[in-house]
*Asks:* 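Before we start, here is the structure in question, set down as structure tokens.
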Amino acid sequence: MLKEYKSIKEIVGPLMLVEGVSGVKYDELVEISQDNGELRHGRVLEINRDKALVQLFEGSQGIQISASKARFLGKSIELGVSEDMLGRVFDGMGNPKDGGAEIIPEKRLDINGQAMNPAARDYPDEFIQTGISAIDGLNTLVRGQKLPVFSASGLPHAELAAQIARQAKVLKSSEKFAVVFAAIGITFEEAEFFISDFKKTGAIERAVLFMNLANDPAIERISTPRMALTAAEYLAFEKDMHVLVIMTDITNYAEALREVSAARKEVPGRRGYPGYLYTDLATMYERAGRIRGKKGSITQIPILTMPEEDKTHPIPDLTGYITEGQIILSRELYKKGCTPPIDVLPSLSRLKDKGIGEGKTREDHADTMNQLFAAYARGKEAKELSAILGETALTPVDRLFAKFAEKFEESYISQGNTTNRSIEETLDLGWKLLTILPKSELKRIKDKYIEKYYDKFKE
């Protein structure tokens, strides 16, 4: 029999103090009922002897302390999972939001998940094609990897997220592919954009969407990504699917964490964020990966807007430590009209060399990737030099590199939001651009590949 307590003593912001409790556990769910029959929910944040500190999900406005009862449910937050979740839209607490029927769950899973045994992890080594050249060709995404996108306010990370969700697939694999999309603290317009884009392109058929809007309680933001990851773990490890999890915006998640931490009067860390921000982010990011002996896998693309476009801000800084690289969006490229404005030079995929090459993409992939990086870096330097000294100060070869950098941004990086390039098309386009340069400058490509591809694409 569940006990009811009428000993609510204090409510401050989203927190409530209940006294005289016994047998209550950390993270346990709480139901708060009022005289008018209204129910609210929360979870236990802290226990000190017979006192329990409860975090309210729906906010504390309108709660009358004298007329309210707290009931501890003896379990933590759970999500009812089933394959019927595909094609559906849920709120941040896992309730259907699309007007459809309730999900009849096959099982109920704790949203905090089980830690993946490091010894059971399988190494990520399969290429995922996103259809975006700047990612596929130069910062390749590998199955089981976590590769964040670092953006800034006003940049088109929402469009990039929708494009990846629409286009991503594992090549040469018969396994089913699903996308789990978690929108954390986004505006109503953004939510409408994602839902209509998924429906219009048919991507919703293989997707599960969790939507937490900016006007929803901040507390709900903390559970939204965990709901999404729980659904992903079920589809990946019990239904043998390859699941791509896209979470936007992790900055809103961290802000919600800071809000709760401040309400708890915890000692703040860097920039006011709690000292456990690293650990907390790691509990989400480390739920990506592959497990030996299981066909399914989880690949993560968390998206975050860097406050003040500062890479050293705690959120991108800690995310970079935990994940395997980053894709960085550039305001400078965005102003030039590049779509998507991916700045390939500071971007990095630490596992890219594991998912490319013969049998995975194409034999010449690694060499052309290195050559494109080097040529673009030199071309940008040449352009900067010509802006200061004038084009006449450049050598004929440097002029070619400057031309290469321009064409590279125009045709390779900028491809629009609807173009879906196969890896063959991306590699061929790379060769076409490299023919702007003389053969003698292609120092990072083996001679056999130059012989095979250079003349083929030389106009």
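Below, each value reflects all heavy atoms present in this structure, side chains not excepted, and no hydrogens, waters or symmetry copies. This structure is a prediction, so every number in the text was calculated from the model and none was measured. Residues: numbered from 1 along the sequence shown.
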*Asks:* Among side-chain atoms of Thr130 and Asp136, is any donor-acceptor pair under 3.5 angstrom?
*Replies:*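 Asp136 and Thr130 do have a side-chain donor-acceptor pair below 3.5 Å.
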
*Asks:* At their closest point, which heavy atom of Thr312 faces which heavy atom of Arg270, and how far apart are they?
*Replies:*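 Heavy atoms of Thr312 and Arg270 come nearest at O-NH2, 2.9 Å.
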
*Asks:* Looking only at heavy atoms, what is the nearest atom pair of Ile315 and Leu277, with distance?
*Replies:*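 Taking Ile315 first and Leu277 second, the nearest heavy atoms are CG1-CD2, 4.5 Å.
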
*Asks:* I'd like to know if the side chain of Thr435 and the backbone of Lys432 have a donor-acceptor N/O pair within less than 3.5 Å.
*Replies:*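 Pair found, side chain donor or acceptor close to backbone of Lys432.
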
*Asks:* Does a donor on one side chain sit under 3.5 Å from an acceptor on the other, for Asp91 and Asn212?
*Replies:*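 Distance-only check fails for Asp91 and Asn212.
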
*Asks:* With no hydrogens and no angle check, is any side-chain donor or acceptor of Gln145 less than 3.5 Å from a backbone partner on Glu324?
*Replies:*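 At least one qualifying donor-acceptor pair exists.
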
*Asks:* How far apart are the C-alpha atoms of Arg378 and Phe404, what are their side-chain angles, what is the distance that settles it, and do they pass the side-chain contact (heavy atoms from CB on, under 4.5 Å) test?
*Replies:* CA-CA 9 Å; Arg378 187 166 163 189; Phe404 169 86; over 6 Å; no

*Asks:* Grab the two heavy atoms, one from Glu190 and one from Ala158, that are nearest each other, plus how far apart they are.
*Replies:*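 That would be OE2-CB, 4.3 Å.
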
*Asks:* Between Gln129 (side chain) and Ile423 (backbone), is there a donor-acceptor pair under 3.5 Å?
*Replies:*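 Such a contact is found between Gln129 side chain and Ile423 backbone.
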
*Asks:* Mind listing the closest non-hydrogen atom pair of Ala134 and Val344 along with its distance?
*Replies:*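 Looking at all heavy atoms of both residues, the closest pair is CB-CG1, 3.9 Å.
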
*Asks:* Can you see whether Tyr285 engages Thr319 through a side-chain donor-acceptor pair at a distance of less than 3.5 angstrom?
*Replies:*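 On atom types as modelled, these side chains qualify, holding a pair under 3.5 Å.
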
*Asks:* Under a 3.5 Å cutoff, is there a donor and acceptor pairing between the side chains of Thr230 and Arg287?
*Replies:*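 Yes, side-chain donor-acceptor contact under 3.5 Å.
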
*Asks:* Will you find, in the side chains of Asp249 and Thr305, an N or O donor that is under 3.5 Å from an N or O acceptor?
*Replies:*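 Yes - a donor-acceptor pair under 3.5 Å links their side chains.
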
*Asks:* Under the 6.0 Å and 45° cation-pi test, does Arg221 pair with Tyr253?
*Replies:*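 Not satisfied by the 6.0 Å and 45° rule.
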
*Asks:* Looking only at heavy atoms, what is the nearest atom pair of Ala374 and Arg444, with distance?
*Replies:*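 Residues Ala374 and Arg444, closest heavy atoms: CB-NE, 3.3 Å.
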
*Asks:* Before giving the answer on side-chain contact (heavy atoms from CB on, under 4.5 Å), spell out for Arg121 and Met116 the whole-Å C-alpha distance, their side-chain angles and the decisive distance to 0.1 Å.
*Replies:* CA-CA 7 Å; Arg121 278 183 181 272; Met116 211 183 275; 3.7 Å; yes

*Asks:* Check for a donor-acceptor pair, side chain of Arg362 on one end and backbone N or O of Glu358 on the other, with a separation under 3.5 Å.
*Replies:*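 Flag not set: sc Arg362 to bb Glu358 has no pair under 3.5 Å.
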
*Asks:* Taking the six-membered ring for Trp, are His313 and Phe150 closer than 6.0 Å centroid to centroid?
*Replies:*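 That pair fails the under 6.0 Å test.
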
*Asks:* Run the side-chain contact (heavy atoms from CB on, under 4.5 Å) check on Leu213 and Lys97 step by step: do they pass?
*Replies:* CA-CA 12 Å; Leu213 301 182; Lys97 202 179 178 175; 3.7 Å; yes

*Asks:* Verify the distance criterion only: is there a donor paired with an acceptor across the side chains of Arg399 and Ser386 at less than 3.5 Å?
*Replies:*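 Per modelled atom types, Arg399 and Ser386 side chains form no pair under 3.5 Å.
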
*Asks:* Taking atom types as modelled, find out whether Thr299 and Arg143 have a side-chain donor-acceptor pair closer than 3.5 angstrom.
*Replies:*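 No - no donor-acceptor pair under 3.5 Å links their side chains.
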
*Asks:* Does a donor on one side chain and an acceptor on the other come within less than 3.5 Å for Glu28 and Ser76?
*Replies:*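 Ser76 and Glu28 do not have a side-chain donor-acceptor pair below 3.5 Å.
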
*Asks:* Donor-acceptor check, side chain of Glu410 to backbone of Lys407, threshold 3.5 angstrom: yes or no?
*Replies:*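 No; judged by distance alone, with no hydrogens or angles, the pair does not exist.
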
*Asks:* Does the salt bridge (charged side-chain N to carboxylate O under 4.0 Å, His left out) test come out yes or no for Glu238 and Lys294, once each step is laid out?
*Replies:* CA-CA 9 Å; Glu238 301 204 19; Lys294 293 199 184 268; over 6 Å; no

*Asks:* When you measure from the side chain of Arg226 to the backbone N and O of Gly113, does any donor-acceptor pair fall under 3.5 Å?
*Replies:*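 No, Arg226 side chain to Gly113 backbone: no donor-acceptor pair under 3.5 Å.
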
*Asks:* Show your reasoning for whether side-chain contact (heavy atoms from CB on, under 4.5 Å) applies to Gln371 and Tyr376.
*Replies:* CA-CA 8 Å; Gln371 188 62 65; Tyr376 180 49; over 6 Å; no

*Asks:* Would you confirm whether the ring centroid of Phe194 sits within less than 6.0 angstrom of the ring centroid of Phe181?
*Replies:*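 Close enough - the centres of the two rings lie under 6.0 Å apart.
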
*Asks:* Go through the side-chain N and O atoms of Ser261 and Glu266 and say whether any donor and acceptor fall under 3.5 Å apart.
*Replies:*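 Their side chains do contain a donor-acceptor pair, which is all the 3.5 Å distance test asks for.
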
*Asks:* Taking the inter-plane angle between the rings of Phe177 and His242 on a 0 to 90° scale, is it parallel (under 30°), tilted (30 to 60°) or perpendicular (over 60°)?
*Replies:*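 It falls in the tilted class, 30° to 60°.
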
